[in-house]
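Structure first, then comments.
Note that ligands are numbered from 1 as they come in the structure, with each ligand's atoms numbered from 1 the same way.
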Amino acid sequence: MPTVHLLDYVAGNVRSLANAIEKLGYTIAWIKEPEDIESAESLILPGVGHFGHCLTQFSQSGYLEPIRKHIDSGKPFLGICVGLQALFEGSAENPDVPGLGIIPGKLVRFDDNEKSVPHIGWNSAATNKIGSPQAESFYGLRNSSKYYYVHSYAVPYEEGLFERHGWTVATAKYGGEQFVGAIGRENVFATQFHPEKSGLAGLRALKAFLESKRRETWEETLWYDVGQGLTRRVIACLDVRTNDQGDLVVTKGDQYDVREKGEGQVRNLGKPVDMARKYYEEGSDEITFLNITSFRNCPLADLPMLEILRQTSENVFVPLTIGGGIRDTVDTDGTKVSALEVATLYFKSGADKVSIGSDAVTAAEEYILRGKRLSGETAIETISAAYGNQAVVVSVDPKRVHVKSPEVTKHHTIKTAHPSPSGEEYCWYQCTIKGGREGRDMDVHQLVTAVEAMGAGEILLNCIDKDGSNSGFDLELINDVKKSIKIPVISSSGAGNPAHFEDVFQQTPTDAALGAGMFHRGEYTVKDVKDYLAEKGFLVRQFEDKI
Ligand code: 1PR
């Protein structure tokens, strides 16, 4: 089979990229040192995280000149995410670290006054005005497709600026900012989005690169004017734990109680890998696994969850998040394993983001006790320093606490439209750890502002009172959290039907919405939700079932 060389820059989930390339019928030659690049016919440079960290690594390991030589030789080169950014002159992210300077221009940070940053989700890569069918496709990109982006810095697009140097540009819009989604000229192609995480639309672009099909005429068959901009992100979540027979199963709690009524069996709703693939094929924009069993007696390297990720990432080409047990730990043989090492095990197995729950609460408590000074040692700080903040999600498990008035508590309260049975009209949201089993003297506002300062890239906002209730999301909680932070928020807990997704997108500025029970119980599919949202006029990504 034809070979493609992949630079094994371990700063993220190259496994999924490898799976995508192999799925397209190519074998991978892993580049382990600069000399390997000389023999590369076709070279792919992935990269996530910080521009400076990435470029410094490439430069210190002696990769920059061989990469430049490869490009100058006219052999095919694909840069992905930071691999695109590296081609430019530099980035505001690390002003003192130069890029390769092959393309004029510098990256700037998105403006976060009106929108969340990082930019996370599905957006366009359009080579001409949306709404005008294309006669020709640039590396298989289609105006009617959406691609997965996850970045805080972008190359601003200015009509003609790149074109006059012979570059073809595909763009996207985020808020009022139009930026470079993909760019190419002769043997060079680069995407800001992740083609290995953009479903079959992404694999189509990857295939076009591998086959050097820079341009092809085609009939735009699935023509619908999807419009520019970020789609409403719909996520399926699988709570996973071992059942009493020791198998990892998908389960679902009601207010976090996953056992059938009383001390019954652990609710077994199916196999994680099968269900993840089902939701992917229904159009889920991401898949989240929350591992709610702590594997006390299992060596970390043999964690069944790692195998689930490996298998899932072979056929599911959208972002995978894994939560549960991401913290400094001691392995069964007594060796200390840092949260960063635990996270690296998951990234190498196919995860794109890790979700931290209990450990984030503890870290936030210590951060506040230290007078809001960073320690540099927390799981959030070390993982986001190594992999970028977009790889770190903090999962919040709050419980409502009603109070008569704001004066009776030091905590951040809201006036609620749902007073307690005894008429208390205010409430605060108490953070919990250990899957809701232990309440802490911390409110959600304190937690989310602390973890944002520590470098978390996204919040998974659950709500114990709403979990499994089918009564809709806790809109008051979501609106309150969205007022406190700039990073994206995934609303979770309570979804019971497609209209609940309309409510949360209509009545809050949430960046994404997550469902679990309603999907696992087969009451609705992810496609039902997306079709419903599309009918109501929301911008959603349609699942594409062919490359
Ligand atoms: O504390 O870092 O080890 O992480 C543990 C993770 O597992 C946290 O993300 C925590 O939310 C989750 N977790 C722990 N115990 C449970 C449980 O259910 N017993 N799951 C649990 C919490 C929240 C969502 C749920 C939504 C949507 N589940 O995953 O799926 O509420 O449900 P719905 O749409 O059916 O209402 P750490």
Side-chain angles (χ1 to χ4, degrees), residues 234-243 248-260 266-267 269 272 275 279 284 286-296 303 305 321-329 339 342-343 346 353-364 378-380 383 392-399 431-438 440 444 447 451 456 458-474 477-478 490-498 500-501 503-504 512-524 526 529:
V234 174
I235 299 172
C237 179
L238 295 95
D239 290 13
V240 178
R241 64 157 286 162
T242 43
N243 63 10
L248 258 189
V249 296
V250 176
T251 187
K252 186 64 209 82
D254 295 330
Q255 286 75 55
Y256 288 33
D257 174 4
V258 296
R259 288 191 175 277
E260 301 299 359
V266 168
R267 209 164 280 151
L269 299 171
M275 289 178 77
Y279 295 142
S284 186
E286 291 185 22
I287 302 288
T288 296
F289 292 103
L290 290 182
N291 176 0
I292 61 179
T293 314
S294 42
F295 286 83
R296 283 172 286 282
L303 277 175
M305 200 64 230
T321 300
I322 171 73
I326 310 288
R327 64 173 72 88
D328 294 342
T329 186
V342 173
Y346 280 117
K353 303 190 249 185
V354 289
S355 165
I356 304 172
S358 310
D359 195 67
V361 176
T362 313
T378 62
I380 295 170
I383 300 168
V392 181
V393 180
V394 166
S395 173
V396 183
D397 296 318
K399 247 194 302 229
C431 295
T432 69
I433 58 174
K434 299 178 187 155
R437 287 189 295 278
E438 185 182 324
R440 305 294 297 182
V444 169
L447 175 63
V451 299
E458 196 168 37
I459 297 293
L460 170 56
L461 183 60
N462 300 305
C463 173
I464 294 179
D465 309 76
K466 286 288 198 171
D467 177 54
S469 66
N470 280 355
S471 62
F473 296 93
D474 186 331
L477 166 64
I478 298 159
I490 300 167
S491 298
S492 163
S493 303
N497 59 52
H500 288 150
F501 286 81
D503 294 344
V504 75
L514 175 149
M518 68 184 264
F519 299 136
H520 304 340
R521 292 188 295 270
E523 291 149 9
Y524 294 95
V526 176
V529 170

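- Closest protein heavy atom to atom 20 (N) of ligand 1: D239 OD2, 3.2 Å.
- With N462, N470, T321 as candidates, the residue nearest to atom 24 (C) of ligand 1 on a non-hydrogen basis is N462.
- Nearest protein heavy-atom contact of atom 1 (O) of ligand 1 is S358 OG, 2.5 Å.
- The protein heavy-atom contact nearest to atom 22 (C) of ligand 1 is Y256 CZ, 3.4 Å.
- Of the protein's heavy atoms, I292 CG2, 3.2 Å lies nearest to atom 13 (N) of ligand 1.
- Of all the heavy atoms in M305 and V240, the pair that sits closest is SD-CG1, 4.2 Å.
- Distances between N or O atoms of A516 and those of ligand 1 include at least one value under 3.5 Å.
- Ring geometry, F519 versus Y279: the interplanar angle falls from 30° to 60°, so the pair is classed tilted.
- Side chain of S493 to backbone of C463: a donor-acceptor contact under 3.5 angstrom is found.
- Within the set G436, S395, S471, the minimum heavy-atom distance to atom 8 (C) of ligand 1 is found for S395.
- Among all heavy-atom pairs drawn from F501 and A513, the shortest one is CD2-CB, 3.6 Å.
- An N or O contact shorter than 3.5 Å links G325 to ligand 1 by distance.
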